[in-house]
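Predicted, not measured: the structure shown is a model, and the values here were computed from it. Lettering follows sequence order; numbering is per chain, from 1.
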Amino acid sequence: MNAAGPTGGHIVRPSDGKEPKKVAWIQCVGSRTKERPYCSRVCCMYATKEAIITKEHTPDIETHIFYMDMRAYGKGFEEYYRRAEEQIGVKYVRGRPSKVSENPETGDLTIRYENLDTGEVGGLEANMLVLACAGVPTDTNKELAKILGVKLDENGFFQEKNLPLAPIETDAEGIYLAGCAQGPKDIPDSVTQASGAAAKAIMPIVEARGEEIEEVELPEEKEVKPTDEPRIGVFVCRCGVNIGRIVGVPAVVEYAKTLPNVTFVNEDIFTCSDDCRGRIKAAIEKYDLNRVVVAACSPRTHEGLFRDTCREVGLNPYLFEFVNIRDQCSWVHMNEPEEATEKAKDLLRMGVARARLLEAEEEGELSVGPECLVIGGGIAGMTAALELANMGFKIKLVEREQELGGMLRNLYKLFPTETPAEEAIAPKIRAAYEHKNIEIYTGVEIKDIKGYIGNFEVTISKKDSEDVFNISTIIVATGSQEIDATGYYGYGEYDNVVTQLQLERMLKEGTLKELKNVVIINCVGAREEEGKTYCCRFGCGTSIKNAKYIKEMYPDANVFILHRDIRTVGKKGEEYYNDVRANGVKFIRFSKDKKPLVFEEGGKLIVKVYDGLLRTDLEIEPDLVVLTTATEGAKGAGALQKMLKVPIGAGNFFHEAHVKLRPLDFATDGIYLCGCAHSPKGVVDTITQAVGAASRASIPMGVGMIKSEGITAVINPEACVNCGICMTMCPYGAIRMVDGVTEVITAVCKGCGTCVAACPTGALEQRHYQNKQIASQIKNVCRLVVE
Amino acid sequence: MQAGGGVKEFVPKIVVFCCNWCSYAGADMAGVSRMQYPPNIRIIKVMCSGRIDPIFVLMSFMEGTDGVLVTGCHIGDCHYINGNYKTQNRFEILSEMMNELGLEKERLRLEWISATEGEKFANVVKEVVEQVKKLGPSPLKPVIE
């Protein structure tokens, strides 16, 4: 399916090169077995993605995925999985096929399986089969581990210093782990761990930070005057098949050639690739281009890259224009290739029109001091604060409760290592209080945050007093909470229905009375049709660990876990699950259409559940029902979001700049994100993210400045009548009047352009968003207009 | 011409103004989530919805577009503190002017769409396209063509 692959993105059978009509996937091939007990963590979503792309490529292909548990545990994964099943029509069959045989004449395959949801035994005929093989460690791990003097774990991945408390470090000082070296993981988790590893790696040499830096030498910028004839290079990207399968890229290219001032046009499979960017640079030089237009994915992810490409050969980055023909065209008009092609042409015409009028702009510099505000004093916030403090930055750590520690203060032991939660937080609390670079505020609320990177003004309140301070960067680590379970499975109605959090407290305090029958129900209020559609990621592990403790305390008790899928994806998680299952905890699967019932009959609490495997209703008389509920962002998250002006999504979790590429940043400079404020997660992932977020925040603080965009307002004094309307519009006080003359304080202007929209004489302009530039786009929506 | 013949189906063109921080990201989110919507819109990005000069809206109609959708961050979410309040004020005045200019009010719409609301973006576009299709080609169109 890779457009750069041997078949050019066309899916064909290896045996005869024919297009398959029916493709099957088998999951967990060679993993979750005796030999390799671990979960490879990425394959459920890979197979889902492959099945979706296969169906998008050829809509009438049938796709079947055989799986054991659908592990859609990450942010947005569950929704993706549901879209595959409900909207795209990917068929999911729970079960591990027992045998695959080939018809030697046709090359077709018969897959024998038992559907574990229905008990049905069958054989699926498919033209092609894809195996989701276990992710295994690299061959050279052994040798490398020997050279480095670090350990490998029993599966051959690099062994971290401590699960869950030190997942990035190794036993050897100065050697750190990132990505799949430590165990299978997906892109966001790899990027996160890599950021964390970078922070760890600088620590031993932190005092030398900023020394011996080799400046990148850029060629001098060539002068491009507004009066120069535009010479535009247009580069249209196919983005593999993402754009090219829908939008007729060759037609767009031909059309580009007809547009005024277009000197050079190129079509590429991946315009962002190194070699294509090399071609852009060569074309700028060869054809003396003074404007560059790229029609591709989205400026939100790739504008910076192409601006740099231009600058590397002396073209001012503001002479670059991005035309979005993927996120806002091919991906949203997948069934209308002709219309999508016409739209792409229109968008390109608008982009070229704007490009003709672009001008070189200069960027400003904002100084960024070494002070960071960390919001939230749980494991995430404390970890981030300590990392930064150890690098020499000054931290203000703010916690709304009276004590540091967050959610972990309520917990007993952690899955899957059984590390006491106290052991995770106590040393950090002590270290935070003792650290000379950390100032701790507990029992406080954040009242207001104004400003921007390098210059945030924060107001906090404690009882009757208020405190205001300035800060350069902010890390959001506000965590999450259990949802209110009232109304689910008799919670709030029957005394013996409790949540996992209540159970954790009982376990911690040793107040759990003797039990005979315990029923744990997972996914309570989670993975719903609407609202809390997401998976809580740690609930399966929590339920399994607590089931084990109950069983250990009361060996004669029957402990049932009613679940939809078991999602023990982290290191050692699957092994722990197998162990608990082997030791007598009973696992019963229910489907979203047949949820268990909890009711009282004759003074007795009863749980009724349909067991798909036995194809019968089971009735249990429990003396305790434990609900593993969905989680949601902490209660202050909404108010904080309004102050920070950053996006928040489903369940009140904050929305990062890019799910895969920038999982720890907000789109707004200087604000970062970690822990359960981002999405629900366990302690290993939280600590990794916290170190990663600290790493991200340390970059502008370490450099001491960032560039500000060349998009500020400018005044043409000849046209200005000094009416002062703009002054009332500016939210930053960036416009003042000196001796009756209006002027813009460029260093204070943030470049929103609202003053420009209000100026009655056209004296104000916004650089890079000039009236004539926007007008040129508008005029070219319906037809070619050249002025 | 699309409107005159009565043979060809009316294919409206609609300008959508998006702000950099919320609605443009919301439009991208619709793409990332593969939400499908009609291909009649052309997005123009500005940093803040407060940059959208009412003249840009009028110019869009003068140039022959059949509808205009102005979008920005939700009230209280503006990256530039309060730019969208100004957008709202300007929109209300513009909306009042529409009839005077010989245009139906329903051709102009304002919506707040956050970076996470890809589904809302797609739904709003569907509604706007539907609405404009009902109204038919912009009455200003024959004047300029």
Undergrad: At a heavy-atom separation under 4.5 Å, does B:Ala122 approach chain A through its side chain, its backbone, both, or neither?
TA: neither
Undergrad: For B:Tyr37 and B:Phe121: C-alpha separation, side-chain torsions, deciding distance, then whether ring-ring contact (aromatic ring centres under 6.0 Å, His included) applies.
TA: CA-CA 9 Å; B:Tyr37 58 76; B:Phe121 186 88; 5.6 Å; yes
Undergrad: Quick check on B:Ile55 against chain A: is it the side chain, the backbone, both or neither that has a heavy atom closer than 4.5 Å?
TA: neither
Undergrad: With a 4.5 angstrom heavy-atom cut-off, could you sort out which part of A:Gln87 is near chain B: side chain, backbone, both or neither?
TA: neither
Undergrad: When only pairs under 4.5 Å are counted, which of B:Ser114, B:Ser33, B:Cys22 shares the most heavy-atom pairs with chain A?
TA: B:Ser33
Undergrad: Can you give me the closest heavy-atom contact between A:Ser330 and A:Ile246, atom names plus distance?
TA: O-CG1, 3.7 Å
Undergrad: When the ring centroid of A:His678 is compared with that of A:Phe654, is the distance short of 6.0 Å?
TA: no
Undergrad: Between A:Ile52 and chain B, with a heavy-atom cut-off of 4.5 Å, which part of the residue counts as in contact: side chain, backbone, both or neither?
TA: neither
Undergrad: Using the rule given for ring-ring contact (aromatic ring centres under 6.0 Å, His included), can you reason through B:Trp112 versus B:His74, listing the C-alpha separation, both sets of side-chain angles and the distance that settles it, and then say yes or no?
TA: CA-CA 5 Å; B:Trp112 308 133; B:His74 285 270; 7.6 Å; no
Undergrad: If you count the non-hydrogen atoms of other residues, nucleotides and ligands that lie under 6.0 Å from NZ in B:Lys126, is the total more than 12?
TA: yes
Undergrad: Could you look at A:Gln641 and say if it's the side chain, the backbone, both or neither that has a heavy atom under 4.5 Å from chain B?
TA: side chain
Undergrad: Counting only non-hydrogen atoms closer than 4.5 Å, does B:Met59 touch chain A with its backbone (N, CA, C, O), its side chain (CB onward), both, or neither?
TA: both
